[in-house]
Amino acid sequence: MKVILASDHGGINLSKEIASLLEELQVEYEDIGCNCADSVDYPDYGIPAAERVANGEFDRGILICGTGIGMSIAANKVKGIRAALVHDLFSAKATREHNDSNMITMGERVIGPGLAREIVRTWLGTEFEGGRHQNRIGKVADYENK
Ligand code: RB5
């Protein structure tokens, strides 16, 4: 599995934590930044990351900003992206089983590194259930492709 990781300045510390987790898990990943202390705009990182998941270059993406909200809004504008804003373990599992989410977004100002690491472990390790859920995400895709 190939994962792309991106953050804005508000997510930089948590992003480094997740990068070290991906190394521990021996998951292939690319960190596209920002590696910055200065203020940047989350769409400048979230949208390019989402495009690289949508075009198949990466299987999954992890986006981090202050709240996770801006990254989620931006990523979900890219066709084919199902980005879930996740701050708890139940949702991390459910969004893979039910939504086949291909990106998650988290907020560094919302949760701590320990929970964020467990969320990523759970999300990476949970399979999509398909079935009725496939039908539902298919309806979203149909709307997106209209
Ligand atoms: C940056 O201050 C902050 O707005 C950003 O990281 C994010 O939380 C936006 O949704």
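Keep in mind that what you see is a predicted model, and the values were worked out from it rather than measured. Note that ligands are numbered from 1 as they come in the structure, with each ligand's atoms numbered from 1 the same way.
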Engineer: To the nearest 0.5 angstrom, please state how far the CG atom of Asn13 sits from the CZ atom of Arg109.
Structural biologist: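 Rounded to the nearest 0.5 Å, the CG-CZ separation comes to 10.5 Å.
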Engineer: Among all protein heavy atoms, pick the one closest to atom 5 (C) of ligand 1 and tell me residue, atom and distance.
Structural biologist: Asp8 OD2, 3.2 Å
Engineer: Mind listing the closest non-hydrogen atom pair of Trp123 and Gly61 along with its distance?
Structural biologist: CH2-O, 3.5 Å
Engineer: Indicate yes or no: does an N/O atom of Gly66 lie under 3.5 Å from an N/O atom of ligand 1?
Structural biologist: yes
Engineer: With respect to Cys65, determine whether any N or O atom, backbone or side chain, lies less than 3.5 Å from an N or O atom of ligand 1.
Structural biologist: no
Engineer: For the 3.5 Å polar cut-off, considering only N or O atoms, please tell me whether Thr67 and ligand 1 meet it.
Structural biologist: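 Yes, Thr67 has an N/O under 3.5 Å of an N/O on ligand 1.
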Engineer: Rounded to the nearest 0.5 Å, how far does NZ of Lys139 lie from CZ of Arg136?
Structural biologist: 8.5 Å
Engineer: Looking at ligand 1, is there an atom of it that comes within less than 4.0 Å of some heavy atom belonging to Glu108?
Structural biologist: no
Engineer: Might you check, step by step, whether the distance between atom 10 (O) of ligand 1 and some protein heavy atom is under 4.0 Å?
Structural biologist: yes
Engineer: Calculate, to the nearest 0.5 Å, the distance between atoms CD and CD1 belonging to Glu118 and Ile111 respectively.
Structural biologist: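 Answer rounded to 0.5 Å: 11.0 Å.
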Engineer: Distance to 0.1 Å, residue and atom name: give those for the protein heavy atom nearest to atom 1 (C) of ligand 1.
Structural biologist: His9 NE2, 3.6 Å
Engineer: Nearest protein heavy-atom contact for atom 2 (O) of ligand 1: which residue, which atom, what distance?
Structural biologist: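 Looking only at protein heavy atoms, the one closest to atom 2 (O) of ligand 1 is Arg109 NH1, 3.4 Å.
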Engineer: Under the 3.5 angstrom rule, does the side chain of Arg52 hit a backbone N or O of Phe58 as a donor-acceptor pair?
Structural biologist: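 Not confirmed, Arg52 side chain does not pair with Phe58 backbone.
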Engineer: Any chance you could measure Lys2, atom NZ, to Arg60, atom CZ, to the nearest 0.5 Å?
Structural biologist: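 Lys2 atom NZ to Arg60 atom CZ measures 14.5 Å (nearest 0.5 Å).
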Engineer: Does atom NZ of Lys93 have more than 12 heavy-atom neighbours from other groups under 6.0 Å away?
Structural biologist: no
Engineer: Could you list which atoms of ligand 1 come closer than 4.0 Å to a heavy atom of Tyr42?
Structural biologist: 9 (C), 10 (O)
